[in-house]
Amino acid sequence: MSISKTYNPKETEDKWYSYWLEKKFFKSVPDEREPYTIVIPPPNVTGVLHMGHMLNNTIQDVLIRRARMLGKNACWVPGTDHASIATEAKVVAMLKERGIEKKDISRQEFLKYAWEWKEKYGGIILKQLEKLGASCDWDRTRFTMDEPLSEAVIDTFIHLHKKGLIYRGIRMVNWDPKGKTAVSDEEVIRREVNQKLYYIRYKVAGDSNAYIVIATTRPETIMADTAVCINPNDERYQHLKGKKVLVPLINREIPIIEDEYVEMEFGTGCLKVTPAHDLNDYELGVKHNLPVIDILNDDGTLNEKAEILIGEERFIARKKIAKLLEEAAQLEKVEDYKSQVGFSERTDAAIEPKLSMQWFCKMDEMAQPALEYVLKGDIKLIPDKFINTYRHWMENVKDWCISRQLWWGQQIPAWYLPNGQYVVAKTREEAFLEAQRIKSAPADLKPEDLKQDEDVVDTWFSSWLWPISVFDPSVCGNPEAKGNADLNYYYPTNDLVTAPEILFFWVARMIMAGHEFRGELPFRNVYLTGIVRDKIGRKMSKSLGNSPDPIGLIETYGADGVRVGMLLCSPAGNDLMFDESYCEQGRNFANKIWNAFRLVKGWEVDPQLDFVNEQAVNWYESRFNEALAEIENHFDQYRLSEALMATYKLVWDDFCAWYLEMVKPAYQQPIDKQTFDVTLEFFERILTLLHPFMPFLTEELWHDELFGQRDELQCCIVAPYPKSAEVNSLLLRDVDSIKQVISEIRNIRNSKQISPKEPLPLGIKVNSEISFKNYFNIIYKLANVSEISLVESKIDGAASFIVGRDEFFVSLAGNIDTEAERERITKELDYLAGFLKSVNAKLSNERFVQNAKAEIIENERNKKADAEAKIAMLQQSLGAL
RNA sequence: GGGAGAUUAGCUCAGCUGGUUCAGAGCAUCUGCCUUACAAGCAGAGGGUCACUGGUUCGAACCCAGUAUCUCCCA
């Protein structure tokens, strides 16, 4: 092993990752052990690793590695989703570069290019996860468009359609004019945008001088107006009732209708009604039986129904309309206005509400049991504050628009007869058989007359099957199927780690699908991570350029350093303010461990030597067990950053700063065999405890010859996780006092500018039951004390301090500064007097003595006794000065 | 507009059922150290009106009400 002064991650990471792969440590097959399963939230196949993935996958890897070491059959299933809109956009761009337009090629040709693209770029993110150390079972890697998984999607569609849970209908959908597809409500991101509010004059028909003013943010849609609406209670507009107005520029006549829906305070109190381009207007239109005029093409340009500005893009049209209105003297004024606008999650295009024929999945029925699982606690959301949000959504869930006007994805298995009727079936042949049963079907119907629906289903319609389909896709759509061995062994999975943003998108729907096809929940715990922000709280994003390159971070700080850095700043469910300095802290920690190892490795053993470190060894043993219990408790509650911090302190403070210093032999002196052996054992245990957080460093050290010969499968990654054992709390308490004594002596040295090299004599006046003799060698070593004497009375002229009930005296070579000493003691006396006063106040309060629990009163009495004793000691010291 | 959550040291966060010397941790800061594992380090120190105002209680960071600010979700 190299003995370089610092840990060098580059020399170990690839080496051990390949080794783990080669020895198949990540691989899982069902056996008699208890399974522990995580399915990865499949990243978008077009994606590259960002900080959110780093956090998310670090957490999953910590959980899976720990489970593996706890002896469970750990299985982490990786994969990607096909991300229809995003991928299709990439492919369209790629084709464009090659001079090919999507509209000029067939669906089959397009898909060929798309697969080509996917094979070439689709695996990048998974490769990046390897750098992080992710111990996924790569043999199980799945893609949502793999043949069997796609088939599962189709079967699911058919099944739900048969159950009446999927239907087709005309609805107002969120239209993405850039992706030229519908998107679901969850894929629309609302943002506040600075807009203008245009005040437009509509002339009253038959009265060339009269007009009303309407305020709108979307003047380009006036050509689609089919009414103007006023509130019937609005005093200002009583005279307009029953009249008509003319749409400006095109002078089409539209009625004035009345509805209390109109807010009198907003704008002018007059609302233009545009049923084709606004959800609320649509509903108003249905209520008042208004026609629908759709003036927009799928790409967001104006069509011939607009009559003017045909072919112009909607936002350009908006500017031009404003100008035309102004020229026609029909634009009264323009005001700045802020409002919420929806944007497509994938393309960032402003969403256009659009009426269209789409497929929907009914949600309310499926939401019911999915809500129950969470409310009953069968599925735990961590942190549980998300239960409320979840419930609110589930109780107000709307039907899910699942069709997308794209080619990349699973094509909807609906087949249209020439007369417009349709059947849902897996293949053309089956569809033909189905179709023949339709009474009104043409008698001479041939299979080739059927035309399959052009659309594909939403990517999430694949993803919601993920926890099932990665194991056995064949049960999706077939709830009666038993499922294969994998599914029966691994499902339900244990933990799901994901971002709260997709609680509804995905988590809720996985629960629905799990219930539908397995009658069972898909996972038991959902750990919701926070959003990674920069140190000033901004969400990390490409456009802001405030996100560090994860792979760059790994190169700078090492994978272990970055993993530790991510976890140090990530309380569950709270956003984390990421800063590179956390990774630096992680790297420093790795280095600390490395150097502790170098120390132990450098020791020479002399078998002749007596075992002199019994107290230190026993203390550390207890301390380790105490910390382990604490760490396990943190893990049980998914408090990973606290589990890490407890580990960090155990290693750095207890093991390195105290234990190793206690047992460390003097320079170039050998160590006794027993201490050496037990220290190695302690070190091994630390490595196993650290492994889930820092897999590379620990595996590297684990294989050092210092620990003896290991066979090729004896690796840290599968070493048994330590088990907590008994804690000697008396010993822990004693050593706490000893540590305090040592600190006090160091402090005296420090404040008096005495070199740590100069040994000082220590006198102890023992008033407690602590057997200080047992700890003499520790005190000698760590406080650099020349001699220790147990004394019966105070030592005059010495610096003194109190720990617990015992008094300590350090005689200094020079004269002590009486004045400073007096001041220090007086200060402490003042504090104690105040403290005693407050304790006495409590104890003399009758109501306290009556109401408080016995043990609390007892405690107050102890506090009083301790304080009084201390005051007495200090007063004596003061007198002795 | 409706809902949820947050506010504790310069920063990031713990603080469980109200009760110990309970106001904590890590980082950062300051002071002193190149003490043969580690300066990516060692030893020590300082730092807080627990957002604000009331209330309940023998006792409040913790419970209740209101105010302010921030974040998220939904419309």
Atom pairs under 3.5 Å, N or O on each side, protein against nucleotides 46-48 of chain B: can you list them with distances?
none

Positions of residues 737-749 of chain A (non-hydrogen atom under 4.0 Å from RNA chain B), listed by number: A:S743, A:R746, A:N747

Pairwise [atom1] distance for [N] and [M], with rounding to whole Å:
N	M	atom1	result
B:C33	B:C22	P	33 Å
B:U36	B:C30	C1'	28 Å
B:U8	B:G55	P	24 Å

Any side-chain donor near an acceptor of the partner, A:N56 and A:T529, under 3.5 Å: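 Judged by distance alone, the side chains do not pair up.
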
Flag for A:N840-A:K864: side-chain donor and acceptor within less than 3.5 Å: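 A:N840 and A:K864 do have a side-chain donor-acceptor pair below 3.5 Å.
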
Salt bridge present between A:E705 and A:K601 (N-O < 4.0 angstrom):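 Yes, this pair counts.
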
A:E283 with A:K287: basic N within carboxylate O range, under 4.0 Å: no

Just how far, in rounded Å, is [atom2] of [N] from [atom1] of [X]?
X	N	atom1	atom2	result
A:Q753	B:A43	CD	P	18 Å
A:R391	B:A4	CZ	P	10 Å
A:N588	B:A28	CG	C1'	13 Å
A:Q850	B:G59	CD	C1'	14 Å
A:R847	B:G59	CZ	P	7 Å

Table of protein N/O atoms under 3.5 Å from nucleotides 22-26 of chain B N/O atoms:
{"from": "B:A25", "atom 1": "O2'", "to": "A:K649", "atom 2": "NZ", "distance (Å)": "2.8"}
{"from": "B:G26", "atom 1": "O2'", "to": "A:Q585", "atom 2": "NE2", "distance (Å)": "2.5"}

So [Y] and [X], do their side chains get closer than 4.5 Å, heavy atoms only?
X	Y	answer
A:Q740	A:S743	no
A:L660	A:F655	yes
A:L687	A:F707	yes

Reference residue A:W594; test ring pair (Phe, Tyr, Trp, His ring centres under 6.0 Å); the match among A:Y7, A:F589, A:F683, A:F696: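 By the ring pair (Phe, Tyr, Trp, His ring centres under 6.0 Å) criterion, A:W594 pairs with just one of A:Y7, A:F589, A:F683, A:F696: A:Y7.
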
More than 12 heavy atoms of other groups within 6.0 Å of A:K781 NZ: yes

Sugar-phosphate only, base, or nothing, as touched by A:W652 at under 4.0 Å among non-hydrogen atoms: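 Sugar-phosphate: the residue A:W652, judged by heavy atoms under 4.0 Å, touches backbone atoms but no base.
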
Touch class at under 4.0 angstrom, heavy-atom based, for A:L279 against every strand present: nothing

Under 4.0 Å protein heavy-atom contact, by nucleotide of nucleotides 69-75 of chain B - B base, S sugar-phosphate only: --SSS-B

Dot-bracket summary - RNA chain B, pairs being Watson-Crick or G-U whose distances fall under 3.5 Å, with | when paired to another strand: (((((((..((((.....[....)))).(((((.......))))).....(((((..]....)))))))))))).

Under the side-chain hydrogen bond (donor to acceptor under 3.5 Å, both in side chains) test, residues paired with A:E352 that sit two or more places apart: A:R218, A:R314

Residues which pass side-chain hydrogen bond (donor to acceptor under 3.5 Å, both in side chains) with A:N613, listed by chain and number, not counting sequence neighbours: A:T675

Under-4.0 Å side-chain N/O to phosphate OP1/OP2 contact, A:N862 with B:U20: no

Rounded distance (nearest 0.5 Å) linking atom CG of A:L650 with atom CD1 of A:I686: 5.5 Å

Within residues 832-853 of chain A or reaching into it, pairs that qualify as salt bridge (Lys or Arg N to Asp or Glu O under 4.0 Å) - sequence neighbours excluded: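 Those involving residues 832-853 of chain A are A:K842-A:E860.
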
Nucleotides 34-37 of chain B: which of its N/O atoms have a protein N/O under 3.5 Å away?
{"from": "B:U36", "atom 1": "N3", "to": "A:Y667", "atom 2": "OH", "distance (Å)": "3.0"}
{"from": "B:A37", "atom 1": "O2'", "to": "A:N595", "atom 2": "OD1", "distance (Å)": "2.7"}
{"from": "B:A37", "atom 1": "O2'", "to": "A:R598", "atom 2": "NH1", "distance (Å)": "2.8"}
{"from": "B:A37", "atom 1": "N6", "to": "A:E661", "atom 2": "OE2", "distance (Å)": "2.8"}
{"from": "B:A37", "atom 1": "N3", "to": "A:N595", "atom 2": "O", "distance (Å)": "3.0"}
{"from": "B:A37", "atom 1": "N3", "to": "A:A596", "atom 2": "N", "distance (Å)": "3.3"}

A:Y780: ring-ring contact (aromatic ring centres under 6.0 Å, His included) partners, not counting sequence neighbours: none

ring-ring contact (aromatic ring centres under 6.0 Å, His included) against A:H703, all qualifying residues, sequence neighbours excluded: A:W16

Ring-face cation contact, A:W460 with A:R509, 6.0 Å cut, 45° max: no

cation_pi(A:R623, A:Y659) dist<6.0 Å, angle<=45: no

What are the atom names and distances for every N/O pair under 3.5 Å that joins the protein to nucleotides 15-19 of chain B?
{"from": "B:G15", "atom 1": "OP1", "to": "A:R639", "atom 2": "NH1", "distance (Å)": "3.3"}
{"from": "B:G15", "atom 1": "OP1", "to": "A:R639", "atom 2": "NH2", "distance (Å)": "2.8"}

